[in-house]
Protein chains: 2
Amino acid sequence: MHTPDLDRLDVAILSCLQADARTIAESIGAKVGLSAAAVQRRIKRLREAGVIEREVAVLSPQALGLTMTFVVMVEMERESLAVLDGFRRQVLADDNVQQCYYVTGNADFVLVVTCRDMAGFEAFTRRMFFDNPNVRHFTTSVAMDRVKTGLTLPLEP
Amino acid sequence: MHTPDLDRLDVAILSCLQADARTIAESIGAKVGLSAAAVQRRIKRLREAGVIEREVAVLSPQALGLTMTFVVMVEMERESLAVLDGFRRQVLADDNVQQCYYVTGNADFVLVVTCRDMAGFEAFTRRMFFDNPNVRHFTTSVAMDRVKTGLTLPLEP
DNA sequence: GGTGAAAAGATCATCCT
DNA sequence: AGGATGATCTTTTCACC
């Protein structure tokens with residue numbers, strides 16, 4: 001993915017859409033000083049260029065009974081490609097893993113995990129860590145508050 | 001937020017919408033065995049109940065030139081309510097902070113930060129940490145790979 | 001929860017600068 | 001080339017069953 005030829009208008013449009021993907025083209029146009037049709041065309045381009053990856057519904061974890069969030073730092077036994085790739089696949093397949101980053105430093109992976117309750121998290125640690133001989137160590141932090149739940153990217157340098 | 005009265009149909013609808021918020025009611029209806037109008041009505045209810053918090057466009061960090069992602073653990077000087085709240089506000093106001101969790105354990109906050117480059121991250125650490133006497137210590141992990149970038153919540157227990 | 005008409009929005013071709 | 005205008009189709013919305 002390359003060529004980010006984005007002018008101020010594009011940025012303004014993206015800013016609207018990442019706040020609310022259902023904002024109609026007319027409103028966006030009024031805000032940025034463009035006709036509705038022009039806005040639509042730009043949106044189409046932005047979608048095709050992959051700048052807008054997709055449009056999704058953000059669900060309330062609370063409403064779904066997922067009241068607990070954890071941040072888990074995972075350290076692997078040996079950092080072989082096979083081991084890392086295996087864990088990666090496991091992470092992608094597990095619905096309780098909301099996010100996963102492969103990082104430098106002491107830990108190898110940082111996971112954000114949502115669970116219904118502590119029992120759910122225990123079950124998660126079992127299948128994810130204890131049943132996996134490649135996991136050397138993991139450190140759990142319980143999230144007391146989701147201060148910011150990231151979806152919006154900074155559009156201006 | 002309460003009332004989680006979600007039947008299988010609701011869950012199926014939510015599953016479609018969190019994958020693609022632009023899925024039209026007709027397609028969803030065909031998939032779950034409901035008329036388009038019925039699907040729309042349920043979606044409206046889910047929105048009003050707050051189960052669907054919002055619908056957003058997911059933008060490509062790469063296309064926006066935000067090639068670097070960091071996971072930062074932050075430890076505050078004193079855990080007074082005023083200090084924590086001040087930092088919270090700072091985090092919410094900073095566009096480079098994609099996510100922030102207030103957690104138990106050694107660290108007080110876990111941040112996911114996106115930046116254009118290392119210089120951008122340095123500027124970030126300055127305004128966020130070095131210029132803040134309440135920050136005792138922070139540990140940075142550079143994300144080499146975003147294995148999973150969380151938007152989908154597990155809908156089935 | 002289903003059906004059908006009306007309203008709203010997106011899409012496309014065309015013209016304009 | 002990029003942006004405005006108007007016809008047309010799709011999708012949502014709402015009354016009613």
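Note that these values count all heavy atoms, side chains included, but never hydrogens, waters or copies made by symmetry. Naming: A, B, ... by sequence-line order, numbering from 1 per chain.
- We find that CD of A:E48 is positioned 16 Å from P of C:dA10, with the value rounded to whole Å.
- Following chains of ILVMFWY side-chain contacts shorter than 4.5 Å, one can reach B:M128 starting from B:F121, so the two form part of one hydrophobic cluster.
- A:I52 has its CD1 atom 12 Å from the P atom of C:dA10, to the nearest Å.
- Residue-environment remark: CZ (B:R126) stays at or below the threshold of 12 foreign heavy atoms within 6.0 Å.
- OP1 or OP2 of D:dG3 sits under 4.0 Å from a side-chain N or O of A:R42.
- In this entry the distance linking CG of A:D7 with P of D:dG2 reads 9 Å, nearest Å.
- In this entry the distance linking CZ of B:R41 with C1' of C:dG1 reads 6 Å, nearest Å.
- A distance-only check finds no donor-acceptor pair linking the side chain of A:E77 to the backbone of A:V83 [under 3.5 Å].
- Nucleotide C:dC12 holds its P atom 13 Å from the CZ atom of A:R45, rounded to whole Å.
- Atom CG of A:L59 is separated from atom CD of B:E55 by 9.5 Å, given to the nearest 0.5 angstrom.
- Among the nucleotides C:dG1, D:dC14, D:dG3, the one closest to the side chain of B:A37 is D:dC14.
- Atom CG in A:L9 sits about 11 Å away from atom C1' in D:dG2, given to the nearest Å.
- The interatomic distance linking A:E55 (CD) with C:dA10 (P) rounds to 11 Å, in whole Å.
- Between C:dG1, D:dT12, D:dT5, one nucleotide has an atom nearer to the side chain of B:Q40 than all others, and that is D:dT12.
- For B:F138 and B:F130, the distance between ring centers is under 6.0 angstrom.
- Put simply, A:K44 has a side-chain N or O that comes within less than 4.0 Å of OP1 or OP2 on C:dC12.
- Looking at residues 14-29 of chain A, you'll see A:R22 sit with a heavy atom under 4.0 Å from some atom of DNA chain D.
- Paired with B:F109 under the rule side chain to side chain contact (heavy atoms under 4.5 Å, CB included), one option of B:E75, B:M73, B:M76 passes, and it is B:M76.
- With salt bridges taken as basic N to acidic carboxylate O contacts below 4.0 Å, none links A:K148 and B:D94.
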